[in-house]
Amino acid sequence: MSLIDWIVLIGFLVFVVAYGTWKTRGKKNIQDYLLANRSTPWYIVTLSIMATQASAITFLSTPGQAYVDGMRFVQFYIGLPIAMIILSITAVPIFHNLKVFTAYEYLEGRFDLKNRTLASILFLIQRGLATGFTILAPALIVSVLLGWDIQLTVLITGLLVVLYTASGGTDAVNKTHFIQMIIILVGMVSAFFMILHSLPADISFLDATKIAGKLGKLNVITFNFDWRDRYNFWSGLIGGTFLALSYFGTDQSQVQRYLAGKSIADSRIGLLANGIVKIPMQFCILFLGAMVFVFYQFTTPPLFFNSVEKENVKQGVYAAQFQNLEDKYENVHNEKKIKIREMISADNASDKKKFDDAVKIINESNKKELVIRDDAVNLIKKNNPGADTNDTNYIFLSFVINVLPAGLIGLILAAIFSASMSSTSAALNALASTTVIDIYKRMINPEASERRYLMVSKIATIFWGLVAISFALFANRLGSLIEAVNILGSLFYGTILGIFLIAFYFKKIGGGATFYSALIAEIFVIVCYIFTEIPYLWYNVIGCLVLIILAVIINPYFKSSSKESNPAEASS
């Protein structure tokens with residue numbers, strides 16, 4: 001990277017940490033620290049919700065996902081608008097009217113303490129680990145750029161976020177989210193136009209779109225129902241709706257964003273606006289990855305995108321074999337490049353036979369490239385059995401570093417760091433809220449002073465930051481980050497959602513039946529994950545439905561513990 005890139009990147013990091021710390025200093029009570037005194041306008045709620053969800057994983061791993069698997073991942077979000085409407089009607093007014101700090105307070109008023117505790121503990125486990133992924137993503141950047149040890153980079157990037165989040169709480173999160181989302185949008189738009197600019201002069205935007213489509217990267221919607229297929233319309237509509245309901249309705253990292261809204265209307269508009277904007281935004285990020293794929297059809301891509309692992313094998317005993325594979329890869333790619341131009345020319349001339357012949361040869365070349373790449377991966381494994389052989393997360397990063405001009409590299413990296421810091425800060429803030437309100441204040445020290453709760457909130461923020469950093473130290477071996485973080489969420493979200501749906505809609509089911517059904521449902525989901533090949537989106541549906549069905553069946557055997565008459569009795 002050039003000096004100007006470092007100035008842009010470091011200047012941004014220093015500014016965000018300093019701004020978030022200075023603008024939100026002097027919090028005196030947990031109402032102000034955890035919920036920004038419930039004074040956040042709808043547009044800040046919207047940006048904060050989006051920034052919380054759009055971590056660095058979104059902007060680092062998602063383009064690589066499109067490069068490898070096409071754009072079908074966008075179907076993951078099909079159920080999001082439906083979930084936003086449901087939550088705006090149900091959860092928002094309930095949580096606001098009860099004036100709760102966390103979503104889990106409501107469960108004690110509706111059921112009992114053990115259901116509140118179970119839901120909060122499931123959240124703490126899931127979100128505490130998932131935050132490790134959001135810290136890992138930018139750490140990958142620095143480790144590749146500087147050749148630093150990944151453990152050192154995880155520590156540096158994690159501690160930066162902990163600093164201003166612990167200092168200013170929710171207000172610091174909201175104020176920095178606004179700036180971070182601006183940087184993210186500017187960075188991604190700039191990257192897109194630079195990709196188009198970097199294509200050969202004779203390849204238009206329409207040609208690039210045709211290439212991406214003909215080579216299977218614009219597979220946006222798939223209506224075929226297949227249990228083994230992770231991403232299709234039905235898994236997105238059904239599983240995605242359940243996941244979104246649980247994430248935005250029961251995950252404190254999101255609930256806390258709209259609990260800070262100054263009114264029910266502001267919180268509702270914030271959620272609905274997110275439901276409208278998120279799918280187009282995700283589509284654009286995936287399309288960015290598809291265009292990176294097109295760029296690398298005319299420029300030979302790296303045989304392996306993780307430059308650190310590639311250099312390690314090129315300096316080892318298998319260097320000659322790896323170089324031979326690189327030469328073969330380049331030869332096959334050059335032949336394919338010629339056929340891609342022939343395909344575009346035939347398509348423009350409406351010459352179907354020539355077009356079909358070119359596509360056939362291109363597909364054969366793609367298969368040859370995959371074989372060569374598999375051989376390269378095997379060499380990397382032989383050279384270092386502990387090597388990370390999944391390079392999906394490095395594809396977009398490699399393009400940014402090797403292709404984009406000075407200054408823009410720093411801006412894109414600043415955008416990725418922005419995303420990481422925004423989602424990490426929101427998660428740590430929510431973890432602290434749940435720890436203090438649902439565990440410490442409710443069960444350990446219910447009569448402490450506001451000053452004491454404020455101090456414990458800051459300590460909890462630091463504690464969960466250290467937990468997330470610890471998990472990030474080995475999370476790099478879990479494959480595509482965008483998939484890994486959603487798999488982790490799906491293991492817990494269905495159960496948590498089931499508890500809340502019973503609380504909202506099944507007024508005759510009591511706390512005992514709900515609690516034990518939740519334990520069984522969670523075990524069932526984990527068994528499905530370990531012993532079956534069911535795509536992870538369905539875990540949200542399975543966990544939720546198993547819980548509800550079991551609770552309905554066993555409820556008659558429990559004395560009713562439902563507290564329909566006054567759900568506001570939940571203790572804070």
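Values reported hereafter were calculated over all heavy atoms of this structure, with side chains retained and with hydrogens, waters and symmetry mates removed.
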With V294, the side chain to side chain contact (heavy atoms under 4.5 Å, CB included) member among I211, I340, I195: I211
Matching residue for W464 among N429, L124, V162, T131 - test: side chain to side chain contact (heavy atoms under 4.5 Å, CB included): L124
Side-chain contact test, heavy atoms from C-beta onward, threshold under 4.5 Å: evaluate it for [X] versus [Y] and give yes or no.
X	Y	value
I276	P81	no
K314	Q323	yes
T241	V541	no

Please find out if less than 6.0 Å separates the ring center of [X] from that of [Y].
X	Y	result
F123	Y493	no
Y536	Y539	no
Y296	F305	yes

Please give me the minimum heavy-atom distance between [X] and [Y], naming the atom from each residue.
X	Y	answer
A432	T461	CB-OG1, 3.3 Å
L431	R127	CD2-CB, 3.9 Å
F396	M188	CE2-CE, 4.3 Å
S253	D251	OG-OD1, 2.6 Å
S490	V525	O-CG1, 4.2 Å

Flag the pair [X] and [Y] as a salt bridge only when some basic side-chain nitrogen lies within less than 4.0 angstrom of an acidic carboxylate oxygen.
X	Y	answer
E364	K367	no
D357	K353	yes
R341	D202	yes

[atom1] of [X] to [atom2] of [Y]: how many Å apart, nearest 0.5 Å?
X	Y	atom1	atom2	result
F193	L288	CZ	CG	11.5 Å
T424	L428	OG1	CG	6.5 Å
C528	I534	SG	CD1	4.5 Å

Can you tell me if [X] and [Y] form a side-chain donor-acceptor pair at under 3.5 Å?
X	Y	answer
N331	E335	no
E330	T300	no
S2	D5	yes
Q297	K337	no
N378	R373	no
N274	T46	no

Going through the distances and angles, do I362 and N366 end up as a side-chain contact (heavy atoms from CB on, under 4.5 Å)? CA-CA 6 Å; I362 291 169; N366 285 334; 3.9 Å; yes
Given Y67, which of Y394, F399, F293 fulfils the ring-ring contact (aromatic ring centres under 6.0 Å, His included) condition? F293
N/O donor-acceptor pair under 3.5 Å between [X] side chain and [Y] backbone:
X	Y	answer
N324	Q321	no
S235	N232	yes
D347	M343	no
N402	S398	yes
K368	V332	no
S365	I361	yes
Q75	F233	yes

Take L397 and L413 through the side-chain contact (heavy atoms from CB on, under 4.5 Å) test and state the conclusion after the steps. CA-CA 9 Å; L397 173 62; L413 296 184; 4.1 Å; yes
Given the rule in the side-chain contact (heavy atoms from CB on, under 4.5 Å) test, do I380 and N384 qualify, once you have shown the distances and angles that lead to the verdict? CA-CA 6 Å; I380 291 171; N384 177 15; 5.8 Å; no
Could you go through the salt bridge (Lys or Arg N to Asp or Glu O under 4.0 Å) check for D356 and K360 one step at a time? CA-CA 6 Å; D356 291 341; K360 182 180 179 181; over 6 Å; no
Are there over 12 heavy-atom neighbours, none belonging to I526, within less than 6.0 Å of that residue's CD1? yes
With under 30° as parallel and over 60° as perpendicular, where do the rings of F287 and F283 fit, or are they tilted in between? parallel
